[in-house]
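Quick notes on the structure that follows.
Labels below follow one simple rule: chain letters A, B, ... track the order of the sequence lines, proteins then strands, and each chain is numbered from 1.
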Amino acid sequence: MNHICFDTTKIDKIQELLERGVMVYPYTFERKDTVEEIKDRFSGIGHEKSEEEVSIAGRIYIVRQHGKTIFADLGDSSGRVQLYLRKNDLGEEQFDLFRQYVDAGDIIGVVGHVFRTKMGEITVWVDRFELLTKSVCPLPEKFHGLKNVETRYRQRYLDLIMNEESRETFRTRSRIISLLRQFLFERDYLEFETPTLQPIYGGANARPFTTYHNALDQKLYLRIAPELYLKRLVVGGFDKVFEIAKNFRNEDIDTNHNPEFSMVEIYEAYRDYNDMMDLTEELFSLLVEKVHGKTTCSFAGHDLDFARPWRRLSMEEAVQEYAGIDIRTHSVEELRTFGLEHCVEGCESATTRGEYLALFFEHFGEKELIQPTFIYDFPIENSPLAKKHREKDGLTERFELFIAGMEMANGFSELNDPLDQKARLELQDAKRRRGDLEAQMIDYDFINALGYGMPPTGGVGIGIDRLVMLLTGKDSIKEVLLFPQMKTIVPGPNGSETGESGGDE
RNA sequence: GGGCCUGUAGCUUAGUCGGCAGAGCGACGGACUCUUAAUCCGUAGGCCAAGGGUUCAAAUCCCUUCAGGCCCGCCA
């Protein structure tokens with residue numbers, strides 16, 4: 001929206017109301033009930049008005065005028081209820097005030113009694129009403145409502161006013177995050193907040209956003225992950241920590257990606273990746289159970305079953321199963337030939353068995369993993385923060401959780417050997433200098449922290465937005481983000497005015 | 001970054017064999033004391049996303065741009 005949507009006839013009405021001495025934007029209203037409460041409390045009511053008086057407040061959605069009576073639908077955050085107003089009861093002045101000046105979109109408070117109409121609908125018979133907020137923007141059409149996807153994302157408030165389904169999605173989102181916190185608090189994890197503005201970004205492979213602090217005269221990055229700071233807390237002696245963090249990654253936007261996204265990262269000392277898989281499984285099962293009331297849910301046409309235990313498959317086993325090749329019994333040259341035969345992306349530049357393992361898994365395995373499945377033991381090449389496998393050479397103790405073909409969680413036995421970590425980050429840094437835009441920077445303070453000693457630690461990160469998608473059945477991340485990133489509409493001829501170029505580099 | 005699709009009144013949309021831009025709801029005026037997408041009568045409201053081209057004539061055909069959706073690539 002790049003223009004004001006004020007309706008002049010509504011603004012004229014405000015002027016007339018003020019001239020009549022009516023407060024258009026008063027300060028309070030003594031609301032005693034909600035729509036939901038009234039519908040519950042009076043579910044058995046008949047055609048006779050209740051003895052009890054009720055007062056509710058909310059937005060008017062539809063007005064149906066009938067000469068000397070008016071029906072209207074009022075909605076608050078708990079639901080909608082019908083209002084019934086009669087000229088006889090309100091008196092000429094109040095009745096005309098409503099008839100002439102109260103429109104769909106306005107917010108009013110009413111006091112009255114409850115009854116059931118001939119058509120059987122629980123209704124509030126209004127004794128008096130008060131205009132609480134005059135709306136000056138026209139509401140979308142009453143029957144079709146607001147369908148336009150772009151408008152729903154750009155003017156989310158309007159989407160929430162008009163679409164109960166959307167409101168329900170975000171209610172569920174709030175509840176999921178609340179349940180997540182509750183789950184972790186019950187297990188004695190401490191919640192912390194670590195820097196969003198970081199001088200050195202790390203903890204993931206991604207391109208960062210860059211910003212600048214004037215007083216420090218210094219370049220800063222928006223974090224791509226909270227990982228390195230949370231591990232510093234484990235070094236410092238907090239054994240069980242988590243953070244619900246907004247991360248920022250400077251990459252494309254699509255149905256699964258928004259430049260800023262929420263993630264929970266959890267770390268626990270004296271635990272390894274097996275324990276973190278258990279924790280993840282427990283958390284997801286609980287959430288599905290709480291949100292759906294059962295251990296199954298459907299998503300993108302799949303019936304997903306979260307009953308424990310979930311399938312766990314090493315990456316080598318997964319490649320064996322889905323690609324039909326045993327990585328361990330083939331030479332790198334044979335793997336290369338196999339990869340090229342099957343048009344596996346990235347094979348041209350792969351040089352190690354570990355790289356082929358990862359490539360084959362991504363090509364053959366990932367999208368096949370519909371039911372909740374843990375894939376574990378990742379090659380060391382693309383896992384610079386995970387501890388070397390205790391038995392298997394060339395692999396790390398890392399796992400990812402896949403559901404409906406989506407990567408939902410990523411965890412490992414955290415690398416706590418400072419010499420190994422230093423070497424691996426130096427390797428990342430070298431890659432970055434050679435032009436790999438997503439390779440990690442080297443954070444010497446983090447390496448020093450490990451140098452003081454981090455206990456054996458298990459960690460896991462879970463993408464909250466995707467989790468919400470899964471639990472609300474939405475197949476676009478924009479449907480579960482209140483304000484998804486959208487390109488700013490630039491006004492002006494041809495829409496191509498180069499007003500300001502965003503971002504610095 | 002590549003492909004496909006979409007953009008018409010405040011909202012939901014018809015019109016895309018080129019020939020005056022239509023409807024429903026909403027708004028405005030009027031009738032109506034149990035309606036619920038109320039009903040009935042009347043009025044106003046459009047740079048057909050923006051720009052350019054072809055044509056006697058463009059919402060419609062062509063090109064460019066903008067915005068969005070879906071799919072693919074990369075990532076979570």
Of A67(B), U36(B), A38(B), the nucleotide closest to the side chain of R154(A) is A67(B)
Using a strict threshold of under 4.0 Å (side-chain N to carboxylate O), is an ion pair present between D103(A) and K13(A)? yes
For R64(A) and A37(B), is the shortest distance between a side-chain N/O and OP1 or OP2 below 4.0 Å? no
Give D465(A) one of three labels, base, sugar-phosphate or nothing, depending on what nucleic acid heavy atoms sit under 4.0 Å from its own. nothing
Could you tell me whether M408(A) contacts a base, only the sugar-phosphate backbone, or nothing, with contacts defined as non-hydrogen atoms closer than 4.0 Å? nothing
Looking at G26(B), I'd like to know if its phosphate oxygens (OP1 or OP2) sit under 4.0 Å from a side-chain N or O belonging to K142(A). yes
If we count only N and O atoms by modelled type, under 3.5 Å, do the side chains of Q440(A) and Y201(A) hold a donor and an acceptor together? no
Please classify the nucleic acid contact of N250(A) as base, sugar-phosphate, or nothing, using heavy-atom distances under 4.0 Å. nothing
Can you tell me the distance, in whole Å, between the CZ atom of R80(A) and the C1' atom of A37(B)? 12 Å
Whole-Å gap separating P (U36(B)) and CD1 (I60(A)): 18 Å
How long is the line joining CD1 of I122(A) and P of U35(B), in whole Å? 17 Å
Whole-Å distance between G29(B) C1' and Q65(A) CD? 12 Å
Is E407(A) touching bases, backbone alone, or none of the nucleic acid, heavy atoms closer than 4.0 Å? sugar-phosphate
Searching all strands shown, indicate the nucleotide that pairs with C34(B) (Watson-Crick or G-U wobble; both distances under 3.5 Å). none
Answer yes when E438(A) and K431(A) have at least one side-chain N-carboxylate O distance shorter than 4.0 Å, and no when they do not. no
Positions of residues 467-478 of chain A (non-hydrogen atom under 4.0 Å from RNA chain B), listed by number: S476(A), K478(A)
Have a look at N148(A) and say if it touches a base, only the backbone sugar-phosphate, or nothing, with a 4.0 Å heavy-atom cut-off. sugar-phosphate
Between G1(B) atom C1' and I253(A) atom CD1, what is the distance in whole Å? 14 Å
Spacing between H144(A) atom NE2 and U13(B) atom P, to the nearest angstrom: 7 Å
Indicate, with a heavy-atom threshold strictly under 4.0 Å, whether I62(A) touches base, sugar-phosphate, or nothing. sugar-phosphate
Please confirm whether the ring centroid of F361(A) lies under 6.0 Å from the ring centroid of F402(A). yes
More than 12 non-hydrogen atoms from neighbouring residues, nucleotides or ligands closer than 6.0 Å to CZ on R41(A), yes or no? yes
So F364(A) and F338(A), would you call those rings parallel, tilted or perpendicular, with 30° and 60° as cut-offs? tilted
Mind checking if Y153(A) touches a base, just sugar-phosphate, or nothing, with heavy atoms under 4.0 Å? sugar-phosphate
Over 12 foreign heavy atoms within 6.0 Å of CD, E165(A): no
Whichever of W125(A) and G145(A) has its nearest RNA chain B nucleotide further upstream toward 5': G145(A)
5'-most by nearest nucleotide on RNA chain B - N258(A) or H47(A): H47(A)
Less than 4.0 angstrom between a side-chain N/O of K147(A) and OP1 or OP2 of U12(B), yes or no? no
Looking only at side-chain N and O atoms, does T123(A) come under 4.0 Å of OP1 or OP2 in U35(B)? no
Calculate the interatomic distance between K487(A) atom NZ and U65(B) atom C1'; express it in whole Å. 11 Å
Pick base, sugar-phosphate or nothing for G461(A), based on heavy-atom distances below 4.0 Å to the nucleic acid. nothing
Need one value for T9(A): base, sugar-phosphate or nothing, where a base atom within 4.0 Å counts as base even if backbone is also close, heavy atoms only. sugar-phosphate
Rounded to the Å, how far apart are E251(A) CD and G1(B) C1'? 14 Å
Remember a base hit wins even if backbone is also touched, and classify Y61(A) as base, sugar-phosphate or nothing at under 4.0 Å, heavy atoms. nothing
For Y356(A) and F360(A), take the angle between the two ring planes, folded into 0 to 90°, and tell me which bin it lands in: parallel under 30, tilted 30 to 60, perpendicular over 60. tilted
Just call it for E141(A): base, sugar-phosphate, or nothing, with non-hydrogen atoms closer than 4.0 Å on any strand. base
